[in-house]
Each structure stands twice: as structure tokens, then as C-alpha cells.
Amino acid sequence: MRVVTMAIIEVFFYFLVVLTILVALCSYWLSMLVYFNAVLLFLMLYLQIVSIPLQLNWSRNMYAGLLRRQLFLVGFTALVYAAHFYFGGVIETDGRQASFLDALYFSFTTWTTLGYGDLTVAHQLRLATSLEALTGVLTVAVLTALIWLYCQERLQQRSADVKEHGEFRLQLDENLGLWRELRSEEHTSELQSLTNL
């Protein structure tokens, strides 16, 4: 059942990607579609959050795919909002219409909640900037949790090694200029007995 659920989430996620792209392109004619896309992007983030425990319960080696998906979501969200802001109107401080690269810059600064203030958006899209900032805050929280889970998984393995073999100590190897593990006499004798077999 878990595999079927993961497959349904995967298919629905990519369906939402295609739908979001189409809606972003249609915002050339109707700028208020940005709010529909905001809901779709929140739904994609929700699907990402739901898929984390499913995939990690399936296999602990799925961190790379989850991180790639999360980083894709970061870039995709910024691009979608940039398209909406470009079609809807990003205005420079001197009143000129901004280019797409300026809209992308504005989107990333909004996503990170930085907001320098050198560009402004048209009046009807002001709420969309807040929705993008909220998406950015939630996405950073999920990305941080994924990185923490990955580190915790690797640290627990290392601590199990410490329990088995004792504390690891490091010594500077002057020949290589690198740190290397200083092995205890007991651990060295175990390794020698294994190599003599």
C-alpha cells in the first residue's frame, strides 16, 4: 500500500508541476491567476512534506532524492512567481517596467523574505509577495528538517562505531598534512589479527 501511495503522490506532484506552468503562462492575460498558483505551490509543498516519512520508512537511502525534490521546489517556486510578477508588472524605483531577470531577482528576494525595496510590484499582486514569502519560510523549514534528519542518521551510525571501538582520536599526519584517526592499541591488534587470517 505504501508503494501505491508513493506512486500516486509522485504522479500528482508532476501533474501539479505541469498545471502550475500552464497557469503561470496564462497569467499573461489574467494576472490574478497568481493566487491560484499560490495554492498549487502550497499543495506541492504539502505533498513533499507527506512524502518524506513515506520514502524514509521505505529506505533510509532516499535522502538524496528528497533533497533534490526540495531544491527543485525552491527554484520552481521562484521561477513561477517571477513569471507572474513579470507579466503582472514589476516596476523599478524610477517607474520603468522591469525585465524578466529583474522579476526573477525580485522573486528570489521575496522568497527569502529579504526584500531590498529597489523593485516594487503592481498593486494587484502585493498579496502574492506575502504568499511567496510564506512559501519560502515553510520551504526553508522543510529543507532544514531534511538536512537535520540526514545528519542525525549519519551521526547515529558514527556513535554506534564509537560505542563498539571506543572514542576516536585524531592526529596530524605531517607527511600528508591531513588529520588521520589515531587507533588504540586494542583496535590495532584486532586489525592485525584480521589481516593475518
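Just so you know, these numbers come straight off a predicted model, no measurement behind them.
Residues satisfying the side chain to side chain donor-acceptor pair (under 3.5 Å) test with R126, not counting sequence neighbours, are H123.
The two atoms that bring Q70 and L45 nearest to each other are NE2-CD1, 3.9 Å, heavy atoms only. Of all non-hydrogen atoms in A103 and V90, the two that sit nearest each other are CB-CG2, 4.1 Å. Scanning all heavy atoms of the two residues, the minimum distance from Q124 to Y35 falls at O-OH, 2.7 Å. Contact record, T129 with T110: O-CG2, 3.2 Å, taken as the closest heavy-atom pair. Here the shortest heavy-atom pairing between L66 and S51 reads CD2-OG, 4.1 Å. L104 and A78 make their closest contact through CD1-O, 4.0 Å (heavy atoms, listed as atom of the first residue, atom of the second, distance).
Rounding to the nearest 0.5 angstrom, the gap separating the CD1 atom in I21 from the CG atom in L40 is 11.5 Å. We find the CZ-CG distance between F85 and L125 to be 6.5 Å, quoted to the nearest 0.5 Å. Distance CD/E132 to CG/N37: 11.5 Å, rounded to 0.5 Å. For the atom pair CD (E10) and CD (Q55), the distance works out to 6.5 Å, reported to the nearest 0.5 Å. Separating the CG atom in L41 from the CZ atom in F76 is a distance of 6.5 Å, to the nearest 0.5 Å. Note that CD1 of I9 and CG of L16 are 11.5 Å apart. Values are rounded to the nearest 0.5 Å.
Both F36 and L134 sit in one connected hydrophobic cluster of ILVMFWY residues. Membership requires side-chain heavy atoms under 4.5 Å apart, directly or through other members. Under the 4.5 Å side-chain heavy-atom criterion for grouping Ile, Leu, Val, Met, Phe, Trp and Tyr, L43 is not connected to L22 through any hydrophobic cluster. Each of V121 and Y28 belongs to its own hydrophobic cluster when Ile, Leu, Val, Met, Phe, Trp and Tyr are linked at side-chain heavy-atom distances under 4.5 angstrom. M44 is connected to I49 through a chain of hydrophobic side-chain contacts under 4.5 Å among Ile, Leu, Val, Met, Phe, Trp and Tyr, so both are in one cluster. Follow the hydrophobic side-chain contacts under 4.5 Å out from Y46 and you reach Y81 in the same cluster.
H84 pairs in a side-chain hydrogen bond (donor to acceptor under 3.5 Å, both in side chains) with only one of the listed residues (S31, S27, S107), which is S27. Between F15 and the choices L19, V17, V18, the side-chain contact (heavy atoms from CB on, under 4.5 Å) rule is met once, by L19. None of F100, Y105, F106 except one satisfies the ring pair (Phe, Tyr, Trp, His ring centres under 6.0 Å) rule with Y86; the exception is F100.
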* **Steps toward side chain to side chain contact (heavy atoms under 4.5 Å, CB included) verdict (L67, L143)** => CA-CA 7 Å; L67 284 172; L143 191 58; 4.0 Å; yes
* To do: Carefully, step by step, assess V34 and F87 under the rule side chain to side chain contact (heavy atoms under 4.5 Å, CB included).
  => CA-CA 10 Å; V34 68; F87 294 141; over 6 Å; no
* Give the C-alpha distance, both sets of side-chain angles, the deciding distance and a yes or no for side chain to side chain contact (heavy atoms under 4.5 Å, CB included) between V140 and W111. => CA-CA 10 Å; V140 167; W111 186 89; 3.6 Å; yes
* Check the pair L146, Q48 against side chain to side chain contact (heavy atoms under 4.5 Å, CB included), reporting the backbone distance first and the verdict last. => CA-CA 11 Å; L146 272 175; Q48 173 69 5; 4.2 Å; yes
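A donor-acceptor contact shorter than 3.5 Å links the side chain of T77 to the backbone of L73.
Annotation for F72: atom CZ counts as buried by contact number, over 12 foreign heavy atoms lying within 6.0 Å.
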